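Letters A, B, ... mirror the listed sequences (proteins, then strands); counts begin at 1. Just so you know, these numbers come straight off a predicted model, no measurement behind them.
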Amino acid sequence: MEALLTQWQRQKLPLLFYASEDVVQVAQSLLGKILVTHFADGLTAGRIVETEAYAGVTDKASHAYKGRTRRTAVMFDTTGTAYIYLCYGLHQMFNVVTGPPGVAHAVLVRATAPLAGAELMALRTGKKLGDSSVARGPGNVGKAFGFHISQSGTSLLGNEIFIADDVFVPDSLLIRSSPRIGVAYAAEHADWPYRFFISGDVHVSGIRRNK
DNA sequence: TCTATGATCCCCT
DNA sequence: GGGGATCATAGAT
């Protein structure tokens with residue numbers, strides 16, 4: 001376990017990866033990468049199987065659309081950091097801030113396949129060990145990895161929260177896109193195919209998992 | 001201060 | 001497949 005952590009720390013994605021101006025490309029590239037959190041209560045890691053791109057101030061579905069607020073400032077001011085916010089009063093949603101300086105792009109991590117700390121994930125979510133839904137859906141990802149809104153703004157170049165590339169490449173034939181979930185209010189932007197997932201993977205959230 | 005509102009999930013039918 | 005949970009945020013008052 002310790003060896004894995006050290007290996008993933010060496011394979012940490014560099015700032016350059018996040019600084020790309022193409023948030024859709026970044027969202028797609030994050031499929032197959034490894035999300036790692038290492039907090040006081042332990043290590044958890046999972047392979048990312050589902051993401052959504054949110055294209056800054058031009059995207060009606062993005063929190064950044066309404067402009068800069070105290071909550072969204074981290075998207076405007078940084079890149080390669082965590083943007084974590086509370087949804088429906090109970091779900092801690094984990095996003096990756098991307099884009100060049102001043103550009104408020106973000107990628108929501110919607111689902112992962114557990115690789116390490118499965119026991120801790122089960123404990124945090126109250127699910128049974130081996131339940132494939134433990135990090136399926138953004139609310140569950142938040143719980144399983146132990147995210148909290150107080151960690152919003154944490155750099156992904158540190159050792160508490162980061163993303164690693166172990167050179168695993170998902171089968172490109174299995175990568176699908178679809179409209180994003182739960183953004184009907186975003187009018188004409190609701191139909192943008194900004195959700196990416198690995199087709200058929202049981203760790204992908206419910207709708208249209210197998211198409 | 002006060003109020004409406006969610007980038008959701010789970011449990012119950 | 002429908003509704004309740006549950007609360008920080010933002011904008012109005």
(message) Classify A:K143 by what it touches in the nucleic acid, base, sugar-phosphate, or nothing, heavy-atom distance under 4.0 Å.
(response)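 The residue A:K143 makes no contact with any strand.
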(message) Categorize A:G89 for me: base, sugar-phosphate, or nothing, with a 4.0 angstrom heavy-atom threshold over every strand shown.
(response)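 Touches a base.
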(request) Would you kindly confirm whether A:V74 and A:L15 end up in one hydrophobic cluster when ILVMFWY residues are joined by side chain heavy atoms under 4.5 Å apart? (result)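 Unlinked, A:V74 and A:L15 end up in two clusters.
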Using a 3.5 Å distance criterion without hydrogens, assess whether the side chain of [X] forms a donor-acceptor pair with backbone atoms of [Y].
X      : Y      : result
A:H148 : A:S150 : yes
A:R180 : A:A53  : yes
A:R136 : A:R110 : no

Expressed in angstrom and rounded to an integer, what is the separation of [X] atom [atom1] from [N] atom [atom2]?
X      : N      : atom1 : atom2 : result
A:R68  : C:dT9  : CZ    : P     : 15 Å
A:E50  : B:dA7  : CD    : C1'   : 12 Å
A:K60  : B:dG6  : NZ    : C1'   : 18 Å
A:R195 : B:dT8  : CZ    : P     : 11 Å
A:R70  : C:dG11 : CZ    : C1'   : 13 Å
A:R71  : B:dG6  : CZ    : P     : 11 Å
A:I84  : B:dT8  : CD1   : P     : 17 Å
A:Q92  : B:dA7  : CD    : P     : 15 Å

Tell me which nucleotide among [options] gets nearest to the side chain of [X].
X      : options              : answer
A:N140 : B:dT8, C:dA10, B:dC9 : B:dC9
A:Y83  : C:dA10, C:dT9, B:dA7 : B:dA7
A:M93  : B:dA7, B:dC9, C:dT9  : B:dA7
A:L90  : C:dA5, C:dT9, B:dA7  : C:dA5
A:L86  : B:dA7, C:dC7, C:dA10 : C:dC7

(request) Tell me which residues in residues 102-125 of chain A put a heavy atom below 4.0 Å from DNA chain B, sorted by number, or none. (result)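 Heavy-atom contacts with DNA chain B come from A:L108.
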(message) Within 45 degrees of the ring normal and closer than 6.0 Å to the centroid, is that where the cationic atom of A:R176 sits relative to A:F196?
(response)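 Because its charged atom misses either the 6.0 Å distance or the 45° angle limit, A:R176 does not stack over A:F196.
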(request) Determine which bases of DNA chain C form Watson-Crick or G-U wobble pairs with both distances under 3.5 Å, and write the result as a 5' to 3' dot-bracket string with | for other-strand partners. (result) |||||.||||||.
Ignoring backbone atoms, test whether [X] places a side-chain nitrogen or oxygen under 4.0 Å from the OP1 or OP2 oxygen of [N].
X     : N     : answer
A:Y88 : B:dT8 : yes
A:K66 : C:dT9 : no
A:H63 : B:dA7 : yes

(message) With the criterion set at under 5.5 Å between ring centres and under 30 degrees between planes, would B:dA7 be stacked on A:Y54?
(response)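 Stacked: ring centres under 5.5 Å, planes under 30°.
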(request) Find which nucleotide of DNA chain C each of A:I149 and A:H91 is nearest to by heavy atoms, and output the residue with the more 5' nucleotide. (result)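 This one resolves to A:H91.
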(message) For A:E188, is the CD atom crowded, meaning more than 12 foreign heavy atoms sit under 6.0 Å from it?
(response)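 Yes, CD of A:E188 has more than 12 neighbouring heavy atoms, counting only those of other groups under 6.0 Å.
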(request) Take atom CD of A:E21 as the centre, draw a 6.0 Å sphere, and report whether it contains more than 12 heavy atoms from other residues, nucleotides or ligands. (result)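 Incorrect, the count does not exceed 12.
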(request) Give a yes-or-no answer on whether the side chains of A:D131 and A:S133 include a donor-acceptor pair shorter than 3.5 Å. (result)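 On atom types as modelled, these side chains qualify, holding a pair under 3.5 Å.
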(request) For the pair A:H63 and A:Y83, name the ring-plane relationship: parallel under 30°, tilted 30 to 60°, perpendicular over 60°. (result)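 Answer is perpendicular, since the angle exceeds 60°.
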(message) Among A:R47, A:K33, A:Q11, A:Q7, which residue satisfies the side-chain hydrogen bond (donor to acceptor under 3.5 Å, both in side chains) criterion with A:D166?
(response)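 Looking at A:R47, A:K33, A:Q11, A:Q7, the match for A:D166 under the side-chain hydrogen bond (donor to acceptor under 3.5 Å, both in side chains) is A:R47.
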